[in-house]
Amino acid sequence: MVSDKAWLVGAGPGAPALLTVRGAELLARAELVLHDAEVSPELLALAASAALRLAPASAAELTSLVLEASRAGRRVVRLISGDPHFSASG
């Protein structure tokens with residue numbers, strides 16, 4: 001089943017206890033987590049154990065990975081350090 005979806009999750013200040021409940025749920029179910037290099041390892045540890053975790057080097061690489069994985073039906077989470085509404089990468 002193709003989902004054609006990717007979820008944008010803000011990491012906030014970086015503490016796992018401050019992540020939204022929905023963000024934690026999405027990470028726990030993710031198959032692919034694309035994250036900023038600044039995201040804390042503690043937050044990445046909330047992702048499903050089988051999830052692939054990648055920090056793309058460029059915006060073009062990020063876009064390509066999101067599109068390819070979501071079109072293939074994978075559950076993709078884009079984990080952005082800080083608040084995604086104030087982030088240029090969001």
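All heavy atoms count here, side chains included; hydrogens, waters and symmetry mates do not.
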Polar side-chain atom of Ser64 near backbone of Ala60 as donor-acceptor pair, under 3.5 Å:
no
Tell me if a side-chain donor or acceptor on Asp36 pairs with a main-chain N or O of Ile80 at a distance below 3.5 Å.
no
Pairs of donor and acceptor atoms involving the side chains of residues 17-35, under 3.5 Å and at least two apart or interchain, shall be tabulated with distances.
from: Thr20; atom 1: OG1; to: Gly23; atom 2: N; distance (Å): 2.9
from: Glu31; atom 1: OE1; to: Arg75; atom 2: N; distance (Å): 2.6

My understanding is that only residues two or more places apart in sequence, or in another chain, count here; which of them pass side-chain contact (heavy atoms from CB on, under 4.5 Å) with Ser40?
Glu42, Leu43
What are the two closest heavy atoms between Ser81 and Ala11, and how far apart are they?
CA-CB, 3.9 Å
State, to 0.1 Å, how close Leu65 and Pro56 come at their nearest heavy-atom pair, and which atoms those are.
CD1-CG, 4.0 Å
Mind checking the CG-CG spacing from Leu79 to Leu44? Nearest 0.5 Å is all I need.
6.0 Å
Does anything in residues 56-68 pair up under salt bridge (Lys or Arg N to Asp or Glu O under 4.0 Å), and if so which pairs, sequence neighbours excluded?
none
Inter- and intrachain pairs under salt bridge (Lys or Arg N to Asp or Glu O under 4.0 Å), touching residues 45-56, at least two apart:
none
